[in-house]
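See structure below.
Here the structure is a predicted model, which means the values were calculated and not measured. Residue numbers run from 1 in the order of the sequence given.
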Amino acid sequence: MSFSPRLLGLGAAAVTVAIWTSFIVIARASAAHTLLPLDLALLRICGASVVLLPWAWWMTHRKGHIATGSLGGLSPLPLNMTMQAGALGGLLYAMLAYAGFFFAPAVHASVLMPGSLPLWTSLLAWAVLGERIPGGRWLGLACIVGGDLLVGGASLLKAFEGGNVWKGDVLFMSAACCWGAYSVTVRRLALDPVRATMAITAFAFVVYVPCYLLAVVTGLVPSHLSQAPVSEWLFQAMFQGWGSVVISGITFTQMVRYYGPVRSTMITALVPGLSALGAVMFLGEPMHWQVLLGLALVTAGILFGVRQARAPALQKVTA
């Protein structure tokens with residue numbers, strides 16, 4: 001069955017936007033329940049591993065396959081590629097993002113994570129890939145910076161009064177930087193969507209799970225896994241692992257292949273607004289004027305960037 005690159009790109013973008021929007025609202029809601037940030041990261045990794053690691057092992061061991069995998073066949077990519085993509089997209093992003101939700105509201109995450117992705121990705125694509133930033137796109141990036149400063153600056157000022165929201169804002173910005181670096185890595189290494197998602201999951205599983213268990217057993221880090229009901233375990237493993245990693249990981253990487261890293265993050269212009277609206281409707285979070293203005297600036301900056309970015313030409317993809 002043949003699909004045009006345009007159809008695959010549009011479908012991947014729609015799925016990615018839907019899951020990323022839900023991720024922000026659900027992750028913030030999860031912070032009010034039992035599990036801690038590192039617990040959520042564990043369930044995310046384990047949930048994705050249940051689906052992807054057997055698939056990856058079969059892929060690397062099937063008859064006639066040319067051996068290019070690593071980590072005992074759990075990753076279908078060579079070790080250097082697995083480590084580069086896995087550290088950014090598999091480990092750091094999840095740990096930083098989940099920690100941020102325990103300090104800052106979802107409306108802040110809406111602006112500072114998907115909203116600042118075009119900024120980080122543009123700068124990293126310029127530095128790593130040598131992609132030129134058109135003069136017009138600088139205006140869009142300036143709007144994004146202004147929106148980020150409105151949101152993050154206000155919380156930073158309150159830090160002097162003992163507030164902790166600024167910590168979440170810094171974590172959100174750091175998570176966005178890691179994901180921007182991952183998207184540029186995908187483009188630079190020309191990674192296949194499915195194999196890239198398998199690789200980052202394999203790397204996270206091999207590195208994070210043993211370290212987490214050792215840290216919990218020795219008392220270095222706290223854990224509330226034993227206090228949480230099984231239903232919470234299963235929900236987080238399914239949504240964070242199957243949805244946020246398996247499905248959106250593949251669709252995001254497919255979107256990067258078609259649109260390129262910069263335009264891919266620009267296409268997520270709907271995520272900040274939709275997730276902020278979801279935070280207000282479902283979580284009852286207030287929408288202060290600086291957050292609303294910051295959201296408007298970030299969205300305007302993303303939309304302006306879409307007009308300035310060009311999609312790289314790809315040949316027809318057959319599935």
Worked check of side chain to side chain contact (heavy atoms under 4.5 Å, CB included) between Cys178 and Leu96: CA-CA 9 Å; Cys178 287; Leu96 293 168; 3.8 Å; yes
Is there a path of hydrophobic side-chain contacts, each under 4.5 Å between heavy atoms, that joins [X] and [Y]?
| X | Y | value |
| --- | --- | --- |
| Ile45 | Leu53 | yes |
| Ile200 | Tyr98 | yes |
| Leu71 | Leu189 | yes |
| Ile247 | Val17 | no |
| Leu150 | Val280 | no |

Donor-acceptor contact below 3.5 Å, side chain [X] vs main chain [Y]:
| X | Y | value |
| --- | --- | --- |
| Thr121 | Pro118 | no |
| Glu285 | Ala106 | yes |
| Arg187 | Leu129 | no |
| Trp242 | Ala48 | no |
| Asp39 | Leu36 | yes |
| Ser70 | Leu77 | yes |
| Ser275 | Pro272 | yes |
| Tyr212 | Ala41 | no |
| Thr82 | Pro78 | yes |
| His61 | Trp57 | yes |

Using side chain to side chain contact (heavy atoms under 4.5 Å, CB included), reason through Gln236 and Arg44 one step at a time and then give a plain yes or no. CA-CA 7 Å; Gln236 297 295 350; Arg44 172 189 177 98; over 6 Å; no
Between Phe101 and Phe172, is a ring-ring contact (aromatic ring centres under 6.0 Å, His included) present by the stated rule, with each step listed? CA-CA 8 Å; Phe101 285 108; Phe172 290 147; 5.0 Å; yes
Considering all heavy atoms, the nearest [X]-[Y] contact:
| X | Y | answer |
| --- | --- | --- |
| Val111 | Gly294 | CG1-O, 4.3 Å |
| Ser116 | Ala176 | OG-CB, 3.3 Å |
| Ile24 | Ala109 | CG2-CB, 4.0 Å |
| Leu295 | Ala276 | CD2-CB, 3.8 Å |

Would Trp179 and Tyr182 count as a close aromatic pair, with their ring centres under 6.0 Å? yes
Considering residues, nucleotides and ligands other than Met173, do more than 12 of their heavy atoms fall under 6.0 Å from its CE? yes
Neighbour count >12 (heavy atoms, 6.0 Å) for atom CZ, Phe205: no
Stepwise, does the side chain to side chain donor-acceptor pair (under 3.5 Å) test hold for Thr16 with Thr251? CA-CA 6 Å; Thr16 302; Thr251 56; 2.9 Å; yes
Between atom CG of Leu43 and atom OG of Ser49, what is the distance when rounded to the nearest 0.5 Å? 11.0 Å
Value rounded to 0.5 Å, distance of CH2 in Trp138 from SG in Cys143: 13.5 Å
Lys167 and Phe102: CA distance, side-chain angles, deciding distance, side chain to side chain contact (heavy atoms under 4.5 Å, CB included) verdict: CA-CA 9 Å; Lys167 297 178 182 179; Phe102 281 73; over 6 Å; no
